[in-house]
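What follows is a single structure, written as structure tokens, with notes after it.
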Amino acid sequence: MPDPGLHICLKTPGCSAQWTDRGLIPLFSLLVIVGYFVAFHFGQYTHPGLPTLPFILACCGLLWFTQPGEPVTKLLSTSPFVFIGKLSYSIYLWHFPVFAFGRLTNLDGVTAADHALWIVVTLALSAAGYYAIEKPFRFRIPGRAFVATTCTATLAIAVLRG
């Protein structure tokens, strides 16, 4: 649970309804997440660690307590957020090499403009990867054919490597 006091409240009849029925936990969680992105410098701290604990707990609160029809759910269900969600795996794959090579090419110091450029490049590569690779494989190839091809390719690589 996010907080022992909140855990006790959620187990107390009537108390949890005040927080969950009004959507206060998801709203508070979203505010903590946005606040961390605005004010917290993640690069200065090790992760996981105590300074990142409120951010992690806010993510858990958002996942555990968000219900259909709430304002936070409606916000996160808008097309820009859904699009970012669809790209999330590609973003995960592309962000590290883009930022790593970006830092290598800017040894004299990284500016906010550099970060903005790297974010744009990451999103562009992610969208290209999503539409060119991920979407065709996930939605156009029948499930059994995809599994058979993947297993055959994996077995072939294992045999060739010896």
Show me the donor-acceptor pairs within less than 3.5 Å that the side chains of residues 121-130 make with the rest of the protein, sequence neighbours left out.
residue: Thr122; atom: OG1; partner: Trp118; partner atom: O; Å: 2.8
residue: Ser126; atom: OG; partner: Ser90; partner atom: O; Å: 3.3
residue: Ser126; atom: OG; partner: Ile91; partner atom: N; Å: 3.2
residue: Ser126; atom: OG; partner: Thr122; partner atom: O; Å: 2.6

### Task
Sorted by first residue and then second, give each salt bridge (Lys or Arg N to Asp or Glu O under 4.0 Å) pair with at least one member in residues 109-136; sequence neighbours left out.
Glu134-Arg138
### Query
Once you round to the nearest 0.5 Å, how far does CG of Leu62 lie from CG of Leu57?
12.5 Å
### Query
Using links of under 4.5 Å between side-chain heavy atoms of ILVMFWY residues, direct or through other members, which residues join Leu93 in one cluster?
Tyr89, Tyr92
#### Entry: Hydrophobic cluster membership, Leu87 vs Leu117, 4.5 Å side-chain cutoff
yes
### Task
Would you indicate whether the side-chain heavy atoms of Glu70 and Thr66 approach each other to under 4.5 Å?
yes
### Query
Residues two or more places apart in sequence or in another chain: which of them pass side-chain hydrogen bond (donor to acceptor under 3.5 Å, both in side chains) with Thr152?
none
Side-chain donor-acceptor pairs under 3.5 Å in residues 98-107, sequence neighbours left out?
residue: Thr105; atom: OG1; partner: Phe101; partner atom: O; Å: 3.3
residue: Thr105; atom: OG1; partner: Gly102; partner atom: O; Å: 2.9
residue: Asn106; atom: ND2; partner: Gly102; partner atom: O; Å: 3.0

Ignoring hydrogens and angles, write down the donor-acceptor pairs under 3.5 Å from the side chains of residues 73-86, residues two or more places apart or on other chains.
residue: Thr73; atom: OG1; partner: Gln67; partner atom: O; Å: 2.6
residue: Ser77; atom: OG; partner: Thr73; partner atom: O; Å: 2.7
residue: Thr78; atom: OG1; partner: Leu75; partner atom: O; Å: 2.8

### Task
Flag yes if more than 12 heavy atoms outside Leu63 fall under 6.0 Å of its CG atom; otherwise flag no.
yes
### Query
Phe65 versus Ser29: any side-chain heavy-atom pair under 4.5 Å?
no
